[in-house]
Amino acid sequence: MPAGGTLTRATRVRALLALAILALSTFLALTQPVRLGLDLRGGTQLVLETRDSPTAQADRDATDRTLEVLRRRVDALGVSEPHLARAGDHRIVVELPGLDDPDEAAAVLGRTAQLTVHPVLGTGPGPRSDPADPDAGPVLPDDTGTPLRLGPPALTGAEVHRAEAEFDAESGSGWSVGLSLRGTGERAWARLTGTAACAAPHDPARRAAIVLDRKIISSPQVESSVACGVGITGGTTRITGGFDQRAAQELALLINGGALPVPVDIVEQRAVGPTLGALAITSSAQAAALGVALTAVFITVVYRLLGALATLALACYALISYAALLALGATLTLPGLAGFVLAVGMAVDANVLVFERAREEYAAGPPTRPRTLRSALAAGFRNAFSAIADSNVTTLLAAVLLFFFASGPVRGFGVTLCIGVAASMVSALLITRVLAECAVALPPVRRRPRLTGLAGLGRVRSWLARRRPDLLRHRRRWLALSGVALLLAVSGIAVRGLDYGVEFTGGRMIEYTTTRPVDAERARAALGTAGLDRAQVTTSGDDALTVRTERLSAAQLRTTDRVVDELGGGAEKVRDELIGPSLGDELRRGALVALGLALAAQLVYLAVRFRWTFALSAVVAMAHDVLILVGVFAWLGKSLDGVFLASLLTVIGYSVNDSVVVFDRIRELRAGARGAPEFADLANTAVLQIVPRTVNTGMGAVFILAALAVLGGDSLTDFALALLIGITVGTYSSVFTATPLAVVLERHDGASPRRTARRTTGRDGGRDRRDSGARV
């Protein structure tokens, strides 16, 4: 230990590493643009799934070619900064910022646009010329309903050089689509029209049928001026058919973009209005600022100088997290922003664990030779590392599962939570340590140790040291109370049922803001009168109305917009989501798989790190928390959607974190104890020792979540509510469910205390834990 106030070499190395990380983070934050999700900046997202056709298989190569065709169509739409990406072998995600009409985008992107031009063989049914080819010799009705028997296609859209919407004001024919043909297309058109010109003037064979996706959109007759056998030369023609401007422009766009190699189905579409996106950014930023400010004040009051330094480290954490988000090119979504804010609470937890252990170490020194601030701080970081590492690993497990098994913007939550976990480790174990070691090395601080917040156990710990309550004496009563809470939760699920969101059931959800409040029953009745008798209507606040129903046709959508507009004295569509039934089933299965894998992964990890009794107790407590949270939402009639899934998996991480901290302390006390103490006594001592950490960490998280609940907007209110419930229940269950259950399981395990002590010591058995069993 160096004398005086000099810094150790290790501290200087940590300081240089911290400066390098902060310098790189600052550079990235200043030079790299952030990529906002559509729920923050407004726009439309479509998920398209390729499928097999009679002539082509929807393999990976076909999906890639489909992606290129869609990219040309999107470029023709004129959307700024579009993003298209393949997701798996059969799905393509299309993001169109600024476009808030998903039906318009779906009409353009979802059509196969297979353009073919056929000779007309006659009218009425007739045999196919080639039964193996669906475009050879079909019988299709023209615009008058007359069935036309067509020959094999003479040319396709691939041979069209360019298509352009045109308006002919002189002839009064209105809008049409002009085609420019080159090479083989020009020669094929001349042969087709030359053969048709040989037919009699009113013979159907004098016509050429232009077919788009097996529908005749135009069947013009070759004019009498065209010579038989010569046809129309020059490589130009027009498609007429009573188009308006939008239809003509859309057809020209489809022809120019080319036909899709395989058909596609739109399995998901989301649209968020720009107003809602801007509001989400503002409200989330306000919630983040308020929550972090309250948390900073709280830990500064509790831990004084070191608390203020931890606040500075939290600011560095935010910078590192933001820079990592930019470096990975990740998209920041609304749930992701919530995860970004929420990870602040995790960084607070790591600091609290270190400071509480340092307080213990400082108070544990003998009166004749008390510990120095520097040695107490070093011991605090060393002894807290195991609990911090285990807590963060369990949270990472939940976040990774969320990323792989969730979909849409909720995956952004998993990304930012993973980034937040890594950044919180850097913040607490590197930056906070450097700042704290530099502070305690200063002579004025060494002379006034109470300024640091370490020279004292704190009021909660002091009260517990005097009273030493036996919290686990009535462990069976605590377990019975947990069982009653579970029974109430399960009864809510059985009585009220679960209200799955559109993401899990499929269907359409449209959210409006209205000029005046609208009664939900009145809106439901009005929609039923208009033919939408299965629509579900809910209201929130004074001006928000949500309609959930099955798939809507274009006419039904216009009817819904009109009814809501009339009832609300004017309405603006701020959110529009469509989930296909197959995707809804898939998402629901994915959520269950994610939950099951989370439980299994936590069980395996904890069994390896601790004992099977500890692992089983933690997983049972976790399942207890999950069921209670789901039951409360069932009683409240809240929807279970993708955001709820994000909160549920976060609650799993929090629940395991609290249990891990308790079990880590039990393992430490057992390793340092003399003789063979009762496991129940060790567990009670461990619970009393971690209560200050639990209270302080919980308060930090509550400040942030309360700010999100009040200021975060409708979509984040339920998210924050779920986490507030989950953290409250998780804090309770770690002490009064997981620990009592571990005591009961240990009593029935049949292992001797000595053998059990050796098995639970693990890799940490050699650490210095002097008098650890006597401290509170």
Side-chain angles (χ1 to χ4, degrees), residues 338-339 342-350 352-353 387-388 390-399 401-402 417 421 424 471 478-479 481-486 488-489 595 598-599 601-603 605-606 610 614-633 644-666 683 686-687 690-706 708-709 718-742:
L342 181 62
V344 175
M346 299 174 57
V348 171
D349 182 38
V352 168
L353 280 169
I388 293 173
D390 287 332
S391 299
N392 282 277
V393 168
T394 53
T395 303
L396 275 175
L397 286 174
L401 289 172
L402 180 65
L417 193 56
V421 168
S424 69
L471 298 179
W478 295 122
L479 292 175
L481 183 60
S482 297
V484 171
L486 274 178
L488 290 174
L595 184 58
L599 294 173
Q602 308 282 12
L603 180 63
Y605 179 80
L606 294 174
F610 299 97
F614 291 5
L616 183 59
S617 301
V619 171
V620 169
M622 182 203 317
H624 161 277
D625 301 343
V626 168
L627 286 175
I628 288 181
L629 176 57
V630 174
V632 170
F633 263 56
F644 176 81
L645 176 62
S647 63
L648 188 67
L649 291 182
T650 305
V651 167
I652 288 176
Y654 262 112
S655 175
V656 176
N657 283 356
D658 283 345
S659 299
V660 162
V661 172
V662 177
F663 293 153
D664 183 80
R665 186 59 63 94
I666 293 174
V687 167
I690 61 93
V691 163
R693 168 264 169 194
T694 301
V695 171
N696 293 339
T697 297
M699 289 299 295
V702 164
F703 285 133
I704 295 173
L705 294 174
L708 283 175
D718 287 351
F719 174 86
L721 176 63
L723 287 182
L724 284 171
I725 296 171
I727 288 176
T728 302
V729 176
T731 301
Y732 167 87
S733 69
S734 64
V735 175
F736 297 111
T737 303
T739 308
L741 183 58

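- Ile725 CD1 to Leu721 CG: the interatomic distance, rounded to the nearest 0.5 Å, is 4.0 Å.
- Across Tyr732 and Leu481, no two heavy atoms sit closer than the pair OH-CD2, 3.3 Å.
- Between Ile388 and Ala350 the shortest heavy-atom distance is CD1-O, 3.8 Å.
- Heavy atoms only, all atoms of each residue included: Ile628 and Ala489 are closest at CA-CB, 3.6 Å.
- In terms of modelled atom types and a separation under 3.5 Å, the side chain of Thr739 and the main chain of Ser734 share a donor-acceptor contact.
- Looking at heavy atoms from C-beta onward, Val651 lies out of side-chain contact with Ile727 at the 4.5 angstrom threshold.
- Between Ser659 and Phe614, every side-chain heavy-atom pair lies at or beyond the 4.5 Å cut-off.
- Across every non-hydrogen atom of Ala618 and Leu606, the tightest pair is CB-CD1, 3.4 Å.
- Ring orientation note: the planes of Trp478 and Phe736 are tilted relative to one another, at an angle of 30° to 60°.
- Considering Asp625, Thr731, Thr737 in turn, Asp625 is the only one that fulfils the side-chain hydrogen bond (donor to acceptor under 3.5 Å, both in side chains) rule with Ser655.
- A 4.5 Å side-chain heavy-atom check between Thr694 and Val735 finds every atom pair outside the cut-off.
- The CG atom of Leu486 sits 6.0 Å away from the CG atom of Leu627 when rounded to the nearest 0.5 Å.
- The shortest side-chain heavy-atom distance between Leu629 and Leu648 falls under the 4.5 Å cut-off.
- Residues Tyr605 and Val660 have side chains not in contact (no heavy-atom distance under 4.5 Å, counting atoms from C-beta outward).
- Of the inter-residue distances, the one linking Asp664 atom CG with Ile690 atom CD1 reads 11.0 Å to the nearest 0.5 angstrom.
- The side-chain heavy atoms of Ile666 and Phe610, taken from C-beta on, include no pair separated by under 4.5 Å.
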